[in-house]
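What follows is a set of notes on a single structure, which appears directly below.
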Amino acid sequence: MERMKRTATCGELNRNHLAEKVTINGWVHRHRDHGNIKFINLRDRYGITQVVIDADATPVLKNTASELKFEYCIAVQGEVRSRPDNMVNPSMQTGEIEVKAEKIQILSTCAALPFMIDERTEAREDLRLQYRYLDLRSFSMQKNIRLRHEVALGVREYLIGRGFMEIETPTLIRSTPEGARDFLVPSRLYSGKFYALPQSPQLYKQLLMVSGFDKYFQIAHCFRDEDARGDRQIEHTQIDLEMSFVSKEDIFEVIEGMLQHIFRKTLNKELKVPFPRLSYDQAMDRYGSDKPDLRFDLEIKELSSLLAQGDFQLFKDVVAAGGVVKALLAPGCSGLSRKEISRLEETAKIFKAKGLAWMKVTEGGLEGGISRFYGDLSEAIITETGAAAGDLLLFVGDTRKTACTSLGAVRNELAAKLKLYDEKDFNFAWIIDFPLFEWSEEEKRWEPTHHMFSMPQEQCLDTLEEDPGRVKGDLYDLVCNGVELASGSIRIHDPELQKRIFNIIGLSLEEAGRRFGFLLEAFKHGPPPHGGIAPGLDRLVMLMAGESTIREVITFPKNTLGLSPMDDCPSSVGREQLEELHLKITKSAP
RNA sequence: GGGGGCGUAGCGAAGAUGGUUAUCGCGCCGGCCUGUCAAGCCGGAGACCGCGGGUUCAAUCCCCGUCGCUCCCGCCA
């Protein structure tokens, strides 16, 4: 029998098609058998159309229809007709019509499903990942993957419209043991040698600038052999871009325009640009994070000198030792129970705080917690924090970093608990003025905060070596709703300056030459000033889709352990394969 | 490497201070049904209660260990 090819999709039929003969192909989404009449909701990626097998159907048709089960792939030929007035389904796109089946062909059958293909699948995630091809049939996954496609399309439309060229760079590259752990690919031809998968196309895009390509972008796969998280996979996708002859202002403007274009097109949402800017120091001091969620206020205040005046010895000691006391005002939270406060304290402790001190604000002043140490200062504390009766004050005294980050975590938890923000808001901001170097206690040396090719800010150029910790870089992150969406910098294009950076991070010229000789050599040949940025596509789509993990916007993700439950990889390989690669396994996985 | 949570039928859940036959919804199988759209009704099958050990007359429940998944700290230039 000839296969019945489709003439229409399951999403497009409406009153304009009445009386037309159509063939639709798709999957049996639902079937309702009333004995002498039967309904099938046929689904394809465009929508769902109701098929009716009427009482007057031929025995052959009725027989075929009775065989249908969930997710059978079928073809239906029939006539589009309007539903009886009281049977119209206003919640369906095609709810005014139905297809009266004349012929049904079963294209393939479907075994019993491991889970229902629902709008919201409730199966455990590892099961969903194991049967990802089924999970991807669900409405929400179809929607997410389509959104991802539209975002990628928007990226291309916008950037190409702005004169960018989409250029590919290699996937098998030289390993550079800086930063994240590399994935290595053993060489067959050269025993004991390895390629690496790129953590990003960083060096190549800089070389493309040297080549004069001026405005480059690529939707690039990046690989990092580190532990996964909800917003992190060992393999992810970046919208990688680089521009010559620019300052960070130019890059901000391109990214703002690009996001505006994408949001307008896909979500019909108007983003307000330019995005606000916060220095790294401000972000840490006020929000306790370098990726603050700015959908809500809840600012952290510093009360070191005030609280060191009271009788609470712990805070006195902290301040005397050069630490700080930070305060977070929890509005209307004086009613929180001990238990609730101690839950917040647990959160603070995860981020290294030794405890979470508190005071309740009442009409009569401060009460409970550590308030008894601050009788005389209560008015000053209330004024300083802007607290009002009914509020709760939370304090951490510690090093600046610990005090800030632990209260930052409490801040996020409080905001979620108090529902201080609209989930659907998008609150973008640029975080700028990052320090260029960080002291590594483990390595006992300065390390680049971002990477070693980032430009120090001009005012620091003369004094780089004096106090590397104070050097600010031409570095910037884009954050949205507490998620780091992009990271970039203006790059160094002066080999002499580059050498000074190597020197500060303790990388000898010989070693630098071995690892990055090609880049240094390139920079001897008229490199243009350049800079770039790389928004994470997965995270962007995750936010836009309202999802809380990037796995929901990736077709075939790994789980948090870096495994793929569907094809069960990584997997072992045969001895011949290993021998060909000159490899020997010294220890097998348990 | 470390901490929290979860693990009961194909799926999602409930369960008891330790006590006969482990409960519910979806799915599956069989039957009925002419307008449903999460169709409905009747009947049925399906669970070594993650795995191993311990305590006990008795463990799905308590204890110890282990495995799997997940969230987080570390890590992620």
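Numbered from 1 within each chain, the chains take letters A, B, ... in sequence-line order. Being a predicted model, the structure only gives us computed values, none of them experimental. No hydrogens, no waters, no symmetry mates; every other heavy atom, side chains included, goes into these values.
Rounded to whole Å, the separation between the P atoms of B/G15 and B/C24 comes to 15 Å. Distance check on atom P: B/A58 versus B/G18 gives 15 Å, rounded to whole Å. Distance check on atom C1': B/G25 versus B/C57 gives 37 Å, rounded to whole Å. One C1' atom belongs to B/U8, the other to B/A22, and the distance between them is 9 Å to the nearest Å. For the C1' atoms, the distance from B/A14 to B/A9 is 14 Å, rounded to whole Å. As rounded to the nearest Å, B/A39 and B/C48 have C1' atoms that lie 38 Å from one another.
For A/Thr560, the side-chain atoms get nearest to B/U70 when compared with the rest of B/U36, B/U70, B/C69. Closest to the A/His34 side chain, of the nucleotides B/C69, B/G35, B/G74, is B/G35. Candidate nucleotides B/C37, B/G74, B/G35 were compared by shortest atom distance to the side chain of A/Asp227, and B/G74 ranks first. Taking only side-chain atoms of A/Asn41, from C-beta outward, the nucleotide of B/U36, B/C37, B/C71 with the closest atom is B/C37. Checked against B/C76, B/A39, B/U70, the side chain of A/Arg232 finds its nearest nucleotide in B/C76.
Below the 3.5 angstrom threshold, one finds no donor paired with an acceptor across the side chain of A/Arg224 and the base of B/C75. Not a single donor-acceptor contact under 3.5 angstrom links the side-chain atoms of A/Arg32 to the base of B/C33. The base of B/G35 lies close enough to the side chain of A/Glu98 for a donor and an acceptor atom to sit less than 3.5 Å apart.
Residues from residues 476-492 of chain A that place a heavy atom under 4.0 Å from any atom of RNA chain B: there are none. The stretch residues 58-71 of chain A touches RNA chain B through A/Lys69, A/Phe70, each having a heavy atom within less than 4.0 Å of the strand.
Remark: B/U66 base-pairs with B/G50. Criterion, Watson-Crick or G-U wobble with two distances under 3.5 Å. Checking B/U20 for Watson-Crick or G-U wobble geometry (two distances, each under 3.5 Å) identifies no partner in any strand. Nucleotide B/G43 forms a pair with B/C29, judged by Watson-Crick or G-U wobble geometry with both contacts under 3.5 Å. Across the strands present, B/A9 finds no partner; the criterion is a Watson-Crick or G-U wobble pair with both atom distances under 3.5 angstrom.
Rounded to whole Å, atom P of B/C69 lies 14 Å from atom NZ of A/Lys558. Separating the CG atom of A/Asp182 from the C1' atom of B/C75 is a distance of 15 Å, rounded to the nearest angstrom. The CZ atom of A/Arg343 sits 11 Å away from the P atom of B/G5 (whole-angstrom rounding). Here B/U34 presents its P atom at 16 Å from NZ of A/Lys100, a figure rounded to the nearest Å. The distance from atom NE2 of A/His31 to atom P of B/C33 is 18 Å, rounded to the nearest whole Å.
For A/Arg338, the CZ atom is loosely surrounded, since the number of other residues' heavy atoms within 6.0 Å does not exceed 12.
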Please table the atom pairs, donor to acceptor, closer than 3.5 Å between any side-chain atom in residues 55-68 of chain A and protein atoms at least two apart or in another chain.
{"unit_1": "A/Asp56", "atom_1": "OD1", "unit_2": "A/Lys100", "atom_2": "NZ", "d": "2.8"}
{"unit_1": "A/Asp56", "atom_1": "OD2", "unit_2": "A/Lys100", "atom_2": "NZ", "d": "3.2"}
{"unit_1": "A/Thr58", "atom_1": "OG1", "unit_2": "A/Leu61", "atom_2": "N", "d": "3.1"}
{"unit_1": "A/Lys62", "atom_1": "NZ", "unit_2": "A/Asn36", "atom_2": "OD1", "d": "2.9"}
{"unit_1": "A/Lys62", "atom_1": "NZ", "unit_2": "A/Ala55", "atom_2": "O", "d": "2.9"}
{"unit_1": "A/Thr64", "atom_1": "OG1", "unit_2": "A/Val60", "atom_2": "O", "d": "3.0"}
{"unit_1": "A/Ser66", "atom_1": "OG", "unit_2": "A/Asn63", "atom_2": "O", "d": "2.7"}

For residues 84-91 of chain A, which side-chain donor-acceptor pairs fall under 3.5 Å, sequence neighbours excluded?
{"unit_1": "A/Asn89", "atom_1": "OD1", "unit_2": "A/Ser91", "atom_2": "N", "d": "3.0"}
{"unit_1": "A/Asn89", "atom_1": "OD1", "unit_2": "A/Ser91", "atom_2": "OG", "d": "2.7"}

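Although no hydrogens or angles enter the test, the distance criterion places a donor-acceptor pair under 3.5 Å between the side chain of A/Gln93 and the main chain of A/Gly11. At least one donor-acceptor pair under 3.5 Å links the side chain of A/Arg411 to the backbone N or O of A/Asp293.
Where A/Phe351 and A/Ser200 meet RNA chain B, the nucleotide closest to each residue was compared, and A/Phe351 sits on the side nearer the 5' end. Heavy-atom nearest nucleotides on RNA chain B were determined for A/Met92 and for A/Arg181, and the one closer to the 5' end corresponds to A/Met92.
Under the side chain to side chain donor-acceptor pair (under 3.5 Å) criterion, A/Glu465 pairs with A/Arg500, sequence neighbours left out. Considering only residues two or more places apart in sequence or on other chains, A/Glu96 meets the side chain to side chain donor-acceptor pair (under 3.5 Å) condition with A/Arg15. Partners of A/Asp44 by side chain to side chain donor-acceptor pair (under 3.5 Å), not counting sequence neighbours: none found. Residues forming a ring pair (Phe, Tyr, Trp, His ring centres under 6.0 Å) with A/Phe252 (at least two apart in sequence, or on another chain): A/Trp430, A/Tyr476.
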Contacts under 3.5 Å, N or O only, protein and nucleotides 10-13 of chain B:
{"unit_1": "B/G10", "atom_1": "O2'", "unit_2": "A/Pro114", "atom_2": "O", "d": "3.1"}
{"unit_1": "B/C11", "atom_1": "O4'", "unit_2": "A/Pro114", "atom_2": "O", "d": "3.1"}
{"unit_1": "B/G12", "atom_1": "OP1", "unit_2": "A/Arg124", "atom_2": "N", "d": "2.8"}

So which protein nitrogen or oxygen atoms get under 3.5 Å of nucleotides 46-51 of chain B's nitrogens or oxygens?
none

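Checked against A/Pro456 for a side chain to side chain contact (heavy atoms under 4.5 Å, CB included), the options A/Ile492, A/Leu475, A/Ile490 give a single hit: A/Ile492.
In this structure, A/Asn559 reaches the sugar-phosphate backbone alone: every heavy-atom distance under 4.0 Å involves primed, P, OP1 or OP2 atoms, never a base. Using a 4.0 Å heavy-atom distance criterion, A/Gly230 is classed as a sugar-phosphate-only contact. Within 4.0 Å of A/Asp33, counting heavy atoms only, lies at least one base atom of the nucleic acid.
Residue pairs that meet the salt bridge (Lys or Arg N to Asp or Glu O under 4.0 Å) test with at least one member in residues 34-43 of chain A, sequence neighbours left out, are A/Arg43-A/Glu71. For residues 72-82 of chain A, the set of pairs meeting the salt bridge (Lys or Arg N to Asp or Glu O under 4.0 Å) definition, not counting sequence neighbours, comprises A/Asp54-A/Arg81, A/Arg81-A/Glu98.
Across all their heavy atoms, A/Val479 and A/Asp290 have their closest contact at CG1-O, 3.7 Å. In this structure, A/Glu484 and A/Lys291 approach most closely via the heavy-atom pair N-CD, 4.0 Å.
Within the structure, every side-chain polar atom (N or O) of A/Asn89 is placed at least 4.0 Å from both OP1 and OP2 of B/C37. Regarding contacts with the backbone of B/C26, every side-chain N or O of A/Arg30 stays at 4.0 angstrom or more from both OP1 and OP2.
Between the side chains of A/Ser489 and A/Arg491, a donor-acceptor pair is found at a separation under 3.5 Å.
Ring-plane geometry between A/Tyr133 and A/Tyr131 is classed as perpendicular, the angle between the planes exceeding 60 degrees on a 0 to 90 degree scale with a lower cut at 30.
Using a cutoff of 4.0 Å between basic side-chain nitrogens and carboxylate oxygens, A/Asp433 and A/Lys248 are not scored as salt-bridged.
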